[in-house]
Asker: 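Following this message is one structure expressed as structure tokens.
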Amino acid sequence: MVFPTETVYGLGADATNQEAIDSVYKVKGRPTGHPLIVHISDVLFLAEWARDVPEYAMKLSNIFWPGPMTLVLPRTELAKNFITGGQDNVALRIPSHPVALELLKEFEKLGGLGVAAPSANRFGKVSPTTALAVEIELGEYLSNSDLILDGGTSKVGVESTIIDCTSELPVILRPGGVTAEMIQEVLEVELDLGFVANKETKVPGMLLSHYSPNAKVFLSGTPLPGDGFIALSHIPTPEKVIRLASPINVKEYAQQLYSAFRLADSKRLKKIFVRPPTGKGLAIAVNDRLTKAAYDT
Ligand code: TXA
Ligand code: MG
């Protein structure tokens with residue numbers, strides 16, 4: 001079942017059912033061995049999936065869950081290799097979208113323990129932030145018994161912050177809505193902010209190319225007539241260039257980025273010129289996605 005979350009839409013399946021998970025990989029076209037995030041409705045379910053949870057991870061979970069944060073923790077036996085990609089740790093998240101929480105609770109009432117869900121896009125492509133985008137992206141791969149729950153437009157717009165909690169200090173593997181500054185403030189520690197993925201962990205979000213529209217993305221240079229353009233609202237549109245988004249701040253930038261990419265593809269544009277937001281906070285996550293979208297393979 002596809003369901004809305006506050007970050008992006010997810011393609012969900014019973015995290016304990018290998019057959020269901022296999023079909024998620026098939027629909028997504030994702031290479032096997034890439035681990036999935038298990039979504040739960042309540043921190044009570046944490047102990048089903050994770051062990052040796054460090055104190056700082058409990059603190060983070062108390063403050064930022066439900067919300068756009070995923071914690072990577074040592075796994076219990078419930079987290080099978082088909083979820084973790086064979087790693088000894090598992091990624092967990094409590095989303096805050098009311099429809100997601102309702103779905104998870106209903107599933108748990110039936111005896112379910114967690115819903116594994118990657119973003120509901122084809123592998124390497126742009127994550128969907130609306131139900132319509134899911135239908136366009138995955139419609140032809142879904143079967144008649146698969147459902148898409150429509151929960152409106154995702155409010156954060158970029159995927160969750162992934163934090164590796166398997167060492168003494170947290171490491172940000174993927175920047176997102178819960179920012180490094182927010183984490184540092186809560187934990188009162190200095191983090192290595194150059195979010196460096198542990199070389200042994202497989203994080204497709206850490207591939208150099210990802211989140212890519214069909215159009216080619218440029219982070220510098222001047223657009224020509226007919227090219228697409230994404231920039232903060234105070235930056236004017238060059239003449240005869242197609243404005244794809246005019247966010248007023250970085251929060252809106254994150255919210256609108258993926259739909260702007262999709263708009264470019266629906267208009268069959270060849271090139272998108274982007275003026276990235278500057279600064280820290282959420283701008284780090286936006287720039288991470290932009291750099292990967294622009295990566296020339
Ligand atoms: O906001 C989100 O996180 C969305 C919504 C649906 O929750 N989900 C999402 O899932 O972005 P996906 O599969 O598209 O990206 C999850 C990322 C992948 O890069 C994966 O490698 C990483 O999480 N991941 C999953 N399990 C992991 C683990 N045990 N260790 C390290 N990274 C892990
Ligand atoms: Mg994804």
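Reckoned from all heavy atoms, side chains included, excluding hydrogens, waters and symmetry mates. Keep in mind that what you see is a predicted model, and the values were worked out from it rather than measured. Order of appearance sets the numbers: ligands from 1, and atoms from 1 within every ligand.
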Asker: Record the part of His97 in heavy-atom contact with ligand 1 below 4.0 Å; permitted values are side chain, backbone, both and neither.
Answerer: neither
Asker: Quick one: does Arg75 get within less than 4.0 Å of ligand 1, heavy atoms only?
Answerer: no
Asker: So how far is it from Arg262 CZ to Leu257 CG, rounded to the nearest 0.5 Å?
Answerer: 11.0 Å
Asker: List the residues meeting ring pair (Phe, Tyr, Trp, His ring centres under 6.0 Å) with His97, not counting sequence neighbours, and say none if there are none.
Answerer: none
Asker: Are Ala117 and ligand 1 in contact, using a heavy-atom cut-off of under 4.0 Å?
Answerer: yes
Asker: Out of Ala79, Pro4, Gly10, Pro35, who is nearest to atom 26 (N) of ligand 1 when you count heavy atoms only?
Answerer: Pro35
Asker: Show which atoms of ligand 1 fall inside a sub-4.0 Å distance from at least one heavy-atom site of Val72.
Answerer: 30 (N), 31 (C)
Asker: Taking 4.0 angstrom as the limit and counting only heavy atoms of Arg174, give me the atoms of ligand 1 inside it, by number and element.
Answerer: 2 (C), 3 (O), 9 (C), 11 (O), 15 (O), 16 (C), 17 (C)
Asker: Taking the basic N atoms (NZ, or NE/NH1/NH2) and the acidic carboxylate oxygens, is any pair closer than 4.0 Å for Glu108 and Lys105?
Answerer: no
Asker: Give the numbers and elements of all ligand 1 atoms closer than 4.0 Å to a heavy atom of Ile162.
Answerer: 17 (C), 22 (C), 23 (O)
Asker: Under 30°, 30 to 60°, or over 60°: which ring-plane class applies to Tyr211 and Tyr258, parallel, tilted or perpendicular?
Answerer: parallel
Asker: If you measure from CG on Asn89 to CZ on Arg51, what distance do you get to the nearest 0.5 Å?
Answerer: 9.0 Å
Asker: Should Lys292 and Asp288 count as an ion pair when the cut-off is N to O under 4.0 Å?
Answerer: yes
Asker: Taking only heavy atoms of Ser160 into account, list the atoms of ligand 1 that are under 4.0 Å away from them.
Answerer: 1 (O), 2 (C), 3 (O)
Asker: Is there a heavy atom in Asn89 that sits closer than 4.0 Å to ligand 1?
Answerer: yes
Asker: Under the side chain to side chain donor-acceptor pair (under 3.5 Å) definition, can you give me all pairs with a residue in residues 63-73, not counting sequence neighbours?
Answerer: Thr70-Ser160
Asker: Please confirm whether His34 approaches ligand 1 to less than 4.0 Å, judged on its heavy atoms.
Answerer: no
Asker: Could you go through residues 214-229 and list every donor-acceptor pair under 3.5 Å that involves a side-chain atom there, pairing it with any protein atom two or more places apart or in another chain?
Answerer:
{"residue": "Asn214", "atom": "OD1", "partner": "Lys125", "partner atom": "NZ", "Å": "3.2"}
{"residue": "Lys216", "atom": "NZ", "partner": "Asp296", "partner atom": "OD2", "Å": "3.4"}
{"residue": "Asp227", "atom": "OD2", "partner": "Leu224", "partner atom": "N", "Å": "2.8"}

Asker: If we only count N/O pairs under 3.5 Å, is Glu159 in contact with ligand 1?
Answerer: no
Asker: Measuring from atom SG of Cys165 to atom NZ of Lys59, what distance do you get when rounded to the nearest 0.5 angstrom?
Answerer: 13.0 Å
Asker: Can you sort out which atoms of ligand 1 are near Ala91, meaning under 4.0 Å from one of its heavy atoms?
Answerer: 25 (C), 26 (N), 27 (C), 29 (N)
Asker: May I ask you to say whether Glu6 pairs ionically with Arg93, meaning some side-chain N is under 4.0 Å from a carboxylate O?
Answerer: yes
Asker: On a heavy-atom basis, which atom in Asp150 and which in Tyr9 lie closest, and how many Å separate them?
Answerer: OD1-OH, 3.6 Å
Asker: Any nitrogen or oxygen of Arg93, side chain or backbone, less than 3.5 Å from one on ligand 1?
Answerer: yes
Asker: Around the Mg ion (ligand 2), how many protein N/O/S atoms fall inside 2.8 Å?
Answerer: 1
Asker: Could you measure the distance from the CD1 atom of Ile272 to the CG atom of Asp265? Nearest 0.5 Å is fine.
Answerer: 6.0 Å
